[in-house]
Amino acid sequence: MKIAALISGGVDSAVAVHRLVEQGHDVHLFYIRIAMDVNDGSNDCSAEEDIDICRLIARRYGLPFDVVSLHDEYWENVMEYALRTVRRGLTPNPDMMCNKIIKFGFFEQRWGHEFDLTATGHYASTVTDPDGTKWLATAVDAVKDQTDFLAQISYDQLRHLTFPIGDLPKAEVREIAVREHMPNAMRKDSQGICFLGKINYNDFIRRHLGERPGPIIEIETGRKIGEHRGYWFHTIGQRKGLGLSGGPWFVVRKNIHDNVVYVSRGYDTEKQYGRTLHLSEMHFITRDIWAGAPCRSVPVTFKNRHTPQFTEATLTRLDDQLDGSGRPEYVLHSAERVQGIAPGQFGVIYTPDRRICLGSGLITGRAVTGIADS
């Protein structure tokens, strides 16, 4: 089988390549290059290091290797989306958009479509029904599972994807890399936003949006207890980076008109919890889970941030409320309190057994009439 393998210079994609070669596939390696903003004065040495490692992997296995550029597409789509979302006081998910638009969008349209499948080093898997229907499934390693970053891809994209390390725990991936004497066997995992590399996220936001000092207010008392450098640096549920003593303090609300960040103190403060998540722009990857069924509420599990934990909930379709695209809106009613519900992020929906990732919806932060938030 001819497979296009997206390789990053990290250990996960390298081991994915190793497994594909072991399985006898005809593999072609691709590195997607996204240079940093040409006006920001930074260099691209981290990408050069990544590319050098990719070349070593290609040489090791005797595979063709190409560096392809999607610089303009990335900045015009993913980064503009992120900056636009932050300006509105919301919390973006650039990694999710990068997968949907860049890796499995533009890359597929220009290069990937020439192959039978495209492979990545994501910790995810797929399952296929007897009728040939394919579903996005969670990885064996619950801590490393990345299906929440894939929950906006389309079914056509999913059908063309394979995840060679989804059935391995991270420790075993490292063991394979060490055993095979890979040049990146002990390289640390990337912690940055997709393609931003080693640049600090706040530095990136500051470079493009600047600073706008404003008050930090304790929501219960209305007392000013500090100052922030701009509401766009903060997200609902944030605890670190506030510069406040006597905590812990959590961001619980933002007023973007007046540039105010509201906080509440204590790990168990009710102000940082909720039980209902209003979702718009609902996207089902493989199939709408209602699919002709009369029931408007179904049991699911979900995540509202990147975490190993799933939360049980009921997903309700609001047929009398439509989003801007004319689609029904939805409500997740959680079985337990949910910390840090951040508008702009996505509620990622899974089956009750936590096996299948069904899709995702955009968290609006809007209150829902007739559904209690107890």
Side-chain angles (χ1 to χ4, degrees), residues 1 3-25 27 57 93 95-96 98-100 103-104 117-130 132-153 155 157-180 182 184-191 194 284-287 289 299-313 346-360:
M1 186 174 286
I3 296 181
L6 295 180
I7 187 169
S8 65
V11 67
D12 297 329
S13 60
V15 172
V17 169
H18 171 78
R19 298 197 88 191
L20 291 171
V21 172
E22 273 196 328
Q23 293 163 7
H25 297 295
V27 183
I57 297 296
N93 193 321
D95 290 297
M96 187 179 281
C98 181
N99 287 326
K100 174 184 179 179
K103 291 180 180 176
F104 311 134
L117 289 171
T118 294
T120 76
H122 282 99
Y123 284 87
S125 60
T126 60
V127 295
T128 303
D129 287 346
T133 304
K134 196 171 184 177
W135 301 83
L136 178 64
T138 51
V140 165
D141 191 326
V143 173
K144 299 299 293 183
D145 179 74
Q146 293 173 301
T147 51
D148 52 322
F149 293 134
L150 299 167
Q152 278 282 303
I153 64 173
Y155 185 60
Q157 290 173 331
L158 177 66
R159 285 194 302 177
H160 203 247
L161 291 176
T162 184
F163 306 107
I165 63 170
D167 62 338
L168 298 178
K170 178 72 179 197
E172 190 171 343
V173 169
R174 286 283 184 192
E175 289 171 6
I176 292 172
V178 171
R179 186 185 72 223
E180 298 299 322
M182 291 184 177
N184 55 359
M186 301 311 295
R187 200 179 193 203
K188 290 184 178 180
D189 293 342
S190 172
Q191 299 297 322
C194 178
F284 292 107
I285 299 170
T286 296
R287 181 186 300 149
I289 57 177
V300 296
T301 55
F302 77 96
K303 297 180 182 182
N304 67 312
R305 60 169 52 81
H306 184 55
T307 172
Q309 282 77 42
F310 296 81
T311 303
E312 294 182 355
F346 289 85
V348 182
I349 312 301
Y350 297 83
T351 50
D353 63 3
R354 300 157 168 78
R355 179 60 179 146
I356 302 298
C357 178
L358 297 168
S360 59

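Since the model is a prediction, treat every value here as computed from it, not as a measurement. Position 1 is the first residue of the sequence; numbering continues from there.
- Closest approach of H18 and R179 over heavy atoms only: NE2-NH2, 4.2 Å.
- Ion pairing between a basic and an acidic side chain is recognised when a charged N comes within 4.0 Å of a carboxylate O; D145 and R354 show no such pairing.
- What you find for A5 and V27 is that their closest heavy atoms are CB-CG1, 3.8 Å.
- S13 places a side-chain N or O within 3.5 Å of a backbone atom of S8 that can act as its donor or acceptor partner.
- Residues Y350 and F302 come closest through the heavy atom pair CD1-CA, 4.2 Å.
- Between R19 and D167 the shortest side-chain heavy-atom distance falls below 4.5 Å.
- A donor-acceptor contact shorter than 3.5 Å is absent between the side chain of S360 and the backbone of G347.
- The closest side-chain heavy-atom distance from I356 to T286 is not below 4.5 Å.
- Of the possible donor and acceptor atoms, one in the side chain of K134 sits under 3.5 Å from a partner among the backbone N and O of L161.
- Contact of the T162 side chain with the T126 side chain is not registered, since no non-hydrogen atoms from C-beta on lie closer than 4.5 Å.
- Q152 contributes no side-chain N or O that, together with a main-chain N or O of K100, makes up a donor-acceptor pair within less than 3.5 Å.
- The environment of E180 atom CD is dense: over 12 non-hydrogen atoms of other residues, nucleotides or ligands sit within 6.0 angstrom.
- Rounded to the nearest 0.5 angstrom, T147 OG1 and H306 NE2 are separated by 9.0 Å.
- Nearest heavy atoms, V348 versus C357: CG1-SG, 3.7 Å.
- Between N184 and I57 the shortest heavy-atom distance is OD1-CD1, 4.4 Å.
- For the pair V178 and M186, the minimum side-chain heavy-atom distance is below 4.5 Å.
- For the pair F104 and L6, the minimum side-chain heavy-atom distance is below 4.5 Å.
- Separating the CG atom in L168 from the CZ atom in F163 is a distance of 14.5 Å, to the nearest 0.5 Å.
- Of all non-hydrogen atoms in P299 and P352, the two that sit nearest each other are O-CG, 3.4 Å.
- Formation of a donor-acceptor pair under 3.5 Å by the N99 side chain with backbone atoms of F149 is found in this model.
- A side-chain contact (heavy atoms from CB on, under 4.5 Å) with W135 holds for exactly one of T128, T351, L358; it is L358.
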May I have the step-by-step check of side chain to side chain contact (heavy atoms under 4.5 Å, CB included) for V15 and E172, ending in yes or no? CA-CA 10 Å; V15 172; E172 190 171 343; over 6 Å; no
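- Remark: of the listed residues L136, T120, L158, L136 is the sole one forming a side-chain contact (heavy atoms from CB on, under 4.5 Å) with L150.
- In terms of modelled atom types and a separation under 3.5 Å, the side chain of T301 and the main chain of T311 share no donor-acceptor contact.
- In this structure, the separation between CG on D148 and NZ on K303 is 5.0 Å, given to the nearest 0.5 Å.
- Salt bridge annotation for K170-D12: present, with a cationic side-chain nitrogen under 4.0 angstrom from a carboxylate oxygen.
- Judged by distance alone, the side chain of R187 and the main-chain N or O of G9 form a donor-acceptor pair under 3.5 Å.
- Taking 4.5 Å as the limit, some side-chain heavy atom of S125 sits within range of a side-chain heavy atom of R355.
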